[in-house]
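What you see below is based on every heavy atom in this structure, not just the backbone, and it leaves out hydrogens, waters and symmetry mates.
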Amino acid sequence: MSYLHYIPAQSLKIDRSFIEALHPQEHNSRAIVAAIASLAREPGMEVVAEGVETEQQWNLLGEYTIDFIQGFWT
């Protein structure tokens, strides 16, 4: 995470492992996705969620500020 200060990145991608763990009852993974999205927003980065493969994941991601979605569902 400390490299975020030095890398001239335009976007931050949320790894598919976090997206796969998204479930309505699983608050830990939802908190992690929310934190990553918020972390990227502060310096003005775009947020990309990769590995969206179900309608449920798509719907849950609607709760967060995500700019781009990658996966089979899209």
Side-chain angles (χ1 to χ4, degrees):
M1 293 296 216
S2 65
Y3 290 109
L4 290 175
H5 290 289
Y6 308 108
I7 297 173
Q10 304 291 322
S11 62
L12 184 62
K13 186 179 282 191
I14 301 174
D15 188 75
R16 73 180 317 128
S17 63
F18 297 114
I19 304 304
E20 289 172 352
L22 274 179
H23 300 286
Q25 302 84 4
E26 182 59 50
H27 296 289
N28 289 338
S29 59
R30 294 173 71 186
I32 292 170
V33 170
I36 294 170
S38 177
L39 177 70
R41 282 280 166 228
E42 286 299 316
M45 294 179 175
E46 293 177 330
V47 181
V48 181
E50 77 170 350
V52 179
E53 297 179 358
T54 68
E55 183 176 9
Q56 182 181 45
Q57 292 168 338
W58 173 275
N59 291 332
L60 287 171
L61 285 172
E63 298 177 18
Y64 313 104
T65 307
I66 306 291
D67 297 299
F68 300 101
I69 307 268
Q70 295 177 325
F72 293 115
W73 185 254
T74 56

*Asks:* Name each donor-acceptor pair under 3.5 Å that joins a side chain in residues 7-15 to protein atoms two or more places apart or in another chain, with its distance.
*Replies:*
residue: K13; atom: NZ; partner: Q70; partner atom: OE1; Å: 3.1
residue: D15; atom: OD2; partner: S17; partner atom: N; Å: 2.9
residue: D15; atom: OD2; partner: S17; partner atom: OG; Å: 2.7

*Asks:* Once rounded to the nearest 0.5 Å, what's the spacing between atom CZ of R30 and atom NE2 of H23?
*Replies:* 11.0 Å
*Asks:* Could you grab the distance from atom CE of M45 to atom CG of L39, nearest 0.5 Å is fine?
*Replies:* 7.5 Å
*Asks:* I'd like to check the salt bridge (charged side-chain N to carboxylate O under 4.0 Å, His left out) partners of R41; sequence neighbours left out, ordered by chain and number.
*Replies:*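 R41: salt bridge (charged side-chain N to carboxylate O under 4.0 Å, His left out) contacts with D67.
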*Asks:* Once rounded to the nearest 0.5 Å, what's the spacing between atom CD1 of I66 and atom CG of L60?
*Replies:*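 Result: 11.0 Å between the selected atoms.
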*Asks:* For the residue pair A37 and T65, what are the closest heavy atoms and their distance?
*Replies:*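 Between these two residues, the closest heavy atoms are CB-O, 4.1 Å.
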*Asks:* Distance from L22 atom CG to I32 atom CD1, nearest 0.5 Å?
*Replies:* 9.5 Å
*Asks:* Could you check T54, L61, I69 and say which one makes a side chain to side chain contact (heavy atoms under 4.5 Å, CB included) with I19?
*Replies:* L61
*Asks:* Can you see which heavy atom on S29 is nearest to which on A21, and at what distance?
*Replies:* OG-O, 2.7 Å
*Asks:* E46: what forms a side-chain hydrogen bond (donor to acceptor under 3.5 Å, both in side chains) with it, not counting sequence neighbours?
*Replies:*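 Partners of E46 by the side-chain hydrogen bond (donor to acceptor under 3.5 Å, both in side chains) criterion come out as none, since no residue qualifies.
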*Asks:* Taking a hydrophobic cluster as the set of Ile, Leu, Val, Met, Phe, Trp and Tyr residues connected by side-chain heavy atoms closer than 4.5 Å, whether directly or through intermediates, do W58 and V48 fall within one such cluster?
*Replies:*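 No, no single cluster joins them.
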